[in-house]
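Take a look at the structure below.
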Protein chains: 2
Amino acid sequence: MAGLAGRALDAALSKAGARVAAADERLTDSRRRVLELLLKAGGPVKAYDLIAAYGQGGAKPPTVYRALEFLERLGFAHRLESLNAYVACPRSGEVHAAAFLICECCGATVEIEPGVADRVERAAGAHGYSLRGLTLEARGLCPACRTGDGH
Amino acid sequence: MAGLAGRALDAALSKAGARVAAADERLTDSRRRVLELLLKAGGPVKAYDLIAAYGQGGAKPPTVYRALEFLERLGFAHRLESLNAYVACPRSGEVHAAAFLICECCGATVEIEPGVADRVERAAGAHGYSLRGLTLEARGLCPACRTGDGH
DNA sequence: CTTTCCCTGTTACGGTATAACATCCTGAGG
DNA sequence: CCTCAGGATGTTATACCGTAACAGGGAAAG
């Protein structure tokens, strides 16, 4: 799943720590641990898998959900609504609208930048709405699964 | 919530019946009942609210979830992933990619046609993905809630 | 008539998420 | 040093969302 490990993981975590500090927030143990698990996975992870993998016999649900909420708020992670899963954000620490391609066959996901925010913004304006967040999840088949190399 | 009632509701239901028949499917009692509840609500409804409102002491979850699955498959309803809720589709019976504006304050939703499918398709193609379905949900404030008239 | 296929009913369960409250740090100000 | 306010965490319990698995029923085709 292209997850991080070793030096790259450490680098990503310390970079995250710096960004969190710059935002006058704290990267506490539980937040750091959850981010680490998301980065290691390199793909979507279910909340209860994080809970189980947390260590020392696991964590309680609120611990992990609070960490996820924090990571989302600061732009280190996204929630995939259509999968009930969470994923580390490749553009960690920069708040932005996320868009995903999700393979219906193997679950592989890619975060993309389709540049649709402006069009949605216009459509919202036409209905008098002001926009504050965007969820865009496209389901399909990844290259491997299209050709049968999948899984 | 702009829900349907009386003649308009009857008309919508019989139109749905015709479309279902044209698709060589059956609009059974439970399917018709769930569609009726969605149309009456005129907005997003939670599955368990449908279960409670179903009548005769309510229905069992599988009954309602099966009906919802059917209605989605035929394009009569959509699931709002970010709300865990379901909504009747204004373009009932025509399968299409849905996009929604959702008010974070009062929950009002509008189905829009932002015309982004082509852009997402291109972005998917660039990553080798073939597209089969699209979820687009924009959160913001509706006109009433922006001006404080909300609720 | 009977076979087939789809739809439904029912029980039970598993996965997802949060409420509510107690506790504990940590940093600012006295 | 003290203490006090605010955020973060720990803990228990519970509510909500969705589905598996299997039995039964009913209409249409042969």
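By convention in this document, chain letters (A, B, ...) are assigned in the order of the sequence lines, proteins followed by strands, and residues within each chain are numbered from 1.
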Interatomic distance, B:L71 CG vs C:dC7 P [rounded to whole Å]
12 Å
Side chain to side chain contact (heavy atoms under 4.5 Å, CB included) involving B:S14 - partner list, sequence neighbours excluded
none
Sugar-phosphate only, base, or nothing, as touched by B:E25 at under 4.0 Å among non-hydrogen atoms
sugar-phosphate
Range on DNA chain D touched by chain A - first to last nucleotide, heavy-atom distance under 4.0 Å
D:dA8 to D:dT12
Under the salt bridge (Lys or Arg N to Asp or Glu O under 4.0 Å) rule, what pairs show up with a residue in residues 118-136 of chain B, not counting sequence neighbours?
A:E104-B:R132
In chain order, what residues pass the side chain to side chain contact (heavy atoms under 4.5 Å, CB included) check against A:A77, with sequence neighbours excluded?
A:L38, A:L71
Residues 133-145 of chain B vs salt bridge (Lys or Arg N to Asp or Glu O under 4.0 Å), sequence neighbours excluded, gives none
How would you summarise protein contacts on nucleotides 10-28 of chain C per nucleotide, using B for base, S for sugar-phosphate only and - for none, with heavy-atom distances below 4.0 Å?
BB----BBBBB-----S--
Can you give each donor-acceptor pair under 3.5 Å made by side-chain atoms of residues 42-49 of chain B, sequence neighbours left out, with the distance rounded to 0.1 Å?
from	atom 1	to	atom 2	distance (Å)
B:K46	NZ	B:L83	O	3.1

Output all residues satisfying side chain to side chain contact (heavy atoms under 4.5 Å, CB included) with A:V20, sequence neighbours left out; order by chain, then residue number.
A:E25, A:L27, A:F70, A:L74, A:F76
Between A:E36 and A:R33, does at least one N-O distance fall below 4.0 Å, as a salt bridge requires?
yes
Using salt bridge (Lys or Arg N to Asp or Glu O under 4.0 Å) as the criterion, list what pairs up with A:R32, not counting sequence neighbours.
none
In this structure, how many angstroms lie between the P atom of C:dC6 and the CZ atom of B:R73, rounded?
10 Å
